[in-house]
Amino acid sequence: MKVLGISTSPRENSNSDMLLRQVLSGASAAGAEAEYLRLCKFNIAPCSACGACYATGECPVQDDFAVVLAKILAADRLIFATPIFFMSVCAQAKILIDRCQCLWATKYILKRPIIGPRETSRLAMVIAVGGKKGGKAFDCIRLMMKYYLDTVDMGYFANLFVSNADEASKIADNADAMQEAIRLGKELALTAGPVPEKPIDVELTG
Ligand SMILES: Cc1cc2nc3c(=O)[nH]c(=O)nc-3n(C[C@H](O)[C@H](O)[C@H](O)COP(=O)(O)O)c2cc1C
């Protein structure tokens, strides 16, 4: 079982990154092979909407996207961690999401599979942390990730959303969030599916 965690926050001591590491340690404790990837270390340009992938299924832009894409396609489980920026994902996360348009084109225009047949479902979890209290901070992400995870052939397994955690590292003092992250990491690694009708939703406040 390969579990890939993608940390998209650009800052050091990021709250969403800390939760991601907890989820990965939970998955490792359950016997999974966990890989951590910090997106800002990769050089990935935004989608230029050139349209080439609509004919080929391939993105012609030569940068680190190919490396990250190969890891996403090889993973059995994906954990996508983002800060809330203006009610949505951060720019680094959005760039990766948009570049996956080549997978959308492969599936829905060229009508070809993006991965080979598998015995069990691929499953994903989303982590998001916002600085403000509650409200609608996670509404946009829920919808965006539903469509993104469908595009990358990942069943939407769970959300871990934490609001009211603004300063870097603040999440480390939130015992509930840190424990939930470990629990969900274990659950994500141990479940064999099927994909839940609605993702497990854990929403906490800092
Ligand atoms: C550009 C920018 C936009 C932000 N927009 C929001 C927002 O819309 N809602 C919110 O709750 N927090 C917002 N925040 C606060 C961050 O979500 C918060 O600091 C969070 O802890 C960042 O997560 P990270 O430490 O993983 O980067 C914003 C922060 C920045 C820098």
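Atoms within each ligand, like the ligands themselves, are counted from 1 in listed order.
- Salt bridge annotation for Arg118-Asp76: present, with a cationic side-chain nitrogen under 4.0 angstrom from a carboxylate oxygen.
- For ligand 1, residues of the protein lying within 4.0 angstrom by heavy-atom distance are Ser9, Arg11, Ser14, Asn15, Ser16, Pro83, Ile84, Phe85, Phe86, Met87, Val129, Gly130, Gly131, Lys132, Ala165, Asp166.
- Among residues two or more places apart in sequence or in another chain, the ring pair (Phe, Tyr, Trp, His ring centres under 6.0 Å) test is passed with Tyr148 by Phe80.
- Note on Arg38 versus Glu12: salt bridge recorded, some NZ/NE/NH1/NH2 to OD/OE distance being below 4.0 Å.
- Screening residues 153-163 for side chain to side chain donor-acceptor pair (under 3.5 Å), with sequence neighbours left out, gives Lys107-Asp153, Tyr156-Asn159, Asn159-Asp201, Ser163-Thr205.
- Sorted by first and then second residue, the pairs that involve residues 176-197 and meet side chain to side chain donor-acceptor pair (under 3.5 Å), not counting sequence neighbours, are Glu180-Arg183, Arg183-Glu187.
- Of the residues listed (Val61, Ile95, Asp98), the one engaging Pro46 in a side chain to side chain contact (heavy atoms under 4.5 Å, CB included) is Ile95, and it is the only one.
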